[in-house]
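Scroll down for the structure; my scribbles are underneath it.
Along the sequence shown, residues are numbered consecutively beginning with 1. Just so it is clear, the model here is predicted, and its values are computed rather than measured. In what follows, every heavy atom counts, from backbone to side chain, and hydrogens, waters and symmetry copies are set aside.
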Amino acid sequence: MCGVAGYLGYVADGAGLLAAMAGAIVHRGPDGEGISVFPQAGLAHRRLAIVDLANGQQPMSSQNGRFVISFNGEIFNHVELRRDLEAQGHRLRTSADTEVILHLFERYGERCLSLLNGDFAFAIWDVLRERMFLARDRIGVRPLFYSHYSGAVYFASEVKALLKVPGLEARLDIKALDQILTLWAPIAPRTAFQNIFEMEPATYAVIDKYGMTTTPYWKLEFPDHGDYTAAAAKEELDDLLTDAVRLRLRADVEVGCYLSGGLDSSVVAAIASRLDTQPLRTFAIAFESREHDESYFQNIMADHLGTRHVQALMTGRGIATDFPHVVRHMERPVIRSAPAPLYALARLVRSNGIKAVLTGEGADEIFAGYDLFKEAKVRRFCARQPGSRFRPLLFRKLYPYLPNLRRQTPEYLSAFFMAGSADIDDPLFSHRPRFRSMSSTKMFFSREMRSALAGYDAAEEMASLLPSDFRRWHPLNQAQYLETRFLLPGYILSSQGDRMAMAHGIEGRFPFLDYRLVEFAARLHPEQKLKGLDEKHVLRGMARKMLPEEISDRRKQPYRAPDIEAFVSGATHEFVEAALAAESVRRFGIFDPGTVEKLHRKCATGTPSGFRDNAAFVGILSTQLWQESFSAGSPSRAVA
């Protein structure tokens with residue numbers, strides 16, 4: 001795991017620029033730096049040494065010197081690929097997976113991407129053809145950003161590195177902000193920054209003197225489901241997940257594991273414990289807030305597996321203290337405080353001498369674990385009898401951790417969840433209540449922002465990007481596609497994943513996102529994923545043989561963290577007061593100072609009204625912090 005940077009085009013001081021770009025992302029690779037400069041091109045690398053600690057320095061050249069690579073990530077099947085290459089006559093000098101990519105690219109060109117099982121973003125400079133090749137992994141675990149500026153193309157693992165390019169300034173993309181406040185994340189290739197773009201997952205790009213072209217090489221599809229019996233599905237899942245964990249335990253350093261107390265991380269930890277000869281080291285965050293704390297279940301699982309377990313207590317004050325750093329590492333506004341505890345968790349891991357951890361991300365998307373999937377199913381059930389007073393009562397069962405719902409009338413529940421008013425043929429049917437609830441944050445926009453965004457609809461832009469086969473898929477698969485294609489890479493794997501872990505030089509590894517497992521889950525019958533209202537049915541069935549009943553039969557508890565209360569309860573945080581002050585809000589021009597002041601006062605007095613106020617408060621605060629951290633901030637620059 002590392003950080004990459006580079007350019008193609010004329011640069012007056014290529015070595016100096018590359019050093020500055022690498023310096024901006026030193027946290028991604030604290031173990032070493034490399035720079036290679038060519039006529040009209042350059043590559044930089046920051047290294048986090050995990051595989052072949054002695055010989056994996058980058059940028060790395062092919063034996064004939066034609067190809068030079070800067071690589072961020074891991075190729076988990078590099079051992080098998082190495083054997084194939086050696087059988088074909090290739091002679092490799094190192095045991096690094098980086099060299100495997102070079103040989104594969106030399107032999108197969110872009111077709112080599114289909115052979116890679118891993119999380120990656122890399123650049124390869126072809127000295128002979130004078131062209132740069134960029135590629136990103138299938139699911140979007142590892143980031144890669146680029147910008148066309150002043151006759152050159154620049155790229156890097158983080159936007160911070162691109163902002164070292166002289167003259168390239170940070171300016172807020174207001175449509176991206178609208179997308180964040182509606183969809184939770186920008187739609188790639190758009191980012192929070194004007195004229196700075198993100199390579200889409202499962203895409204490669206070729207840059208030469210003629211320009212830049214991008215091409216997808218894999219896509220998430222839901223073919224007609226297979227005829228797996230329950231037993232066969234559990235058996236294949238066990239085999240695939242075990243192999244995915246086995247591959248992700250490969251490293252020349254010790255690999256740990258996050259342990260949240262939920263089903264997904266517990267299954268991964270159980271398999272890892274079974275495969276590893278040493279006691280597994282597990283890490284978790286406990287919350288001071290009882291509403292958010294899952295330490296009871298974490299401890300059950302740690303005791304069951306006999307892991308060497310380390311736990312850190314997260315307080316509201318801790319969340320607030322870390323939040324400005326979190327925003328800078330995310331490089332975008334956010335509507336939840338949830339990334340902050342994960343930032344602290346990665347810091348805990350690093351302080352214990354671990355560089356790589358297994359996590360359970362991805363299981364909710366591919367095996368239908370989120371409440372949203374059940375909610376959409378109930379909404380369709382209600383739509384078949386729109387006048388029923390009994391069917392809307394099912395919504396109470398979906399959210400036992402939201403006690404206010406238990407007191408609501410059927411009419412309220414039906415209206416809140418859009419049970420009778422939504423078009424069931426709408427391709428975004430499953431997500432409309434979320435989008436509607438989120439959109440309330442935009443009520444705080446300034447008059448200038450409202451005018452600039454008049455007629456723009458982030459959800460409709462998402463709908464325009466859906467594949468041609470989308471409408472023929474089962475409704476559950478449609479909802480899964482929306483989560484996996486947009487929210488997973490755009491928020492879960494970035495804001496809560498790569499960016500929080502790599503802030504402390506920690507590599508997250510995601511067995512559930514092994515592309516073989518993703519494709520297997522897509523072939524399953526929807527009832528094998530969501531059976532009635534039993535989420536992750538096949539995974540839960542497989543897990544019962546290896547987990548305590550309290551874990552295997554535990555209902556989904558979504559990961560949440562204190563939001564408003566972290567910033568307004570107890571101690572006063574000067575940065576919050578400064579960011580939400582009328583003068584600051586007016587200076588950046590994004591939000592209306594008067595309505596922001598009312599929201600702040602309402603929250604400070606302890607009377608916020610649930611999720612909408614939480615999302616609005618965190619969204620406004622993080623946007624203000626983003627502006628302070630990155631943008632010059634005058635209204636004419638921000639609102640453009």
Whether [Y] and [X] form a salt bridge (side-chain N of Lys/Arg under 4.0 Å from carboxylate O of Asp/Glu) is what I want to check.
X	Y	result
K377	E527	yes
D243	R516	yes
K175	D173	no
D178	K442	yes
E483	R434	yes
E294	R554	yes
R499	E158	yes
K545	D238	yes
R544	E549	no
D264	K536	yes
K374	D371	yes
E221	R138	no

Does a donor on one side chain sit under 3.5 Å from an acceptor on the other, for [X] and [Y]?
X	Y	answer
D293	S289	no
E461	Y456	yes
S265	S260	yes
Y258	E361	no

Checklist line | Residue pair D137 / L116, side-chain heavy-atom distance below 4.5 Å | finding: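 They are not in contact (no side-chain heavy atoms under 4.5 Å apart), so the answer is no.
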Checklist line | R332 and S494, any side-chain heavy atoms less than 4.5 Å apart | finding: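 They are in contact (side-chain heavy atoms under 4.5 Å apart), so the answer is yes.
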Note to self: Run the ring-ring contact (aromatic ring centres under 6.0 Å, His included) test against F287 and tell me which residues pass, sequence neighbours left out.
What the structure shows: none
Item checked: From CG (D227) to CG (L524), nearest 0.5 Å ->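 Interatomic distance, D227 CG to L524 CG, rounded to 0.5 Å: 11.0 Å.
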Note to self: Centre-to-centre under 6.0 Å for W218 and Y515, is that the case here?
What the structure shows: no
Notebook entry, point to check: How far apart are the C-alpha atoms of K529 and E535, what are their side-chain angles, what is the distance that settles it, and do they pass the salt bridge (Lys or Arg N to Asp or Glu O under 4.0 Å) test?
Noted result: CA-CA 6 Å; K529 291 176 282 189; E535 78 275 2; over 6 Å; no
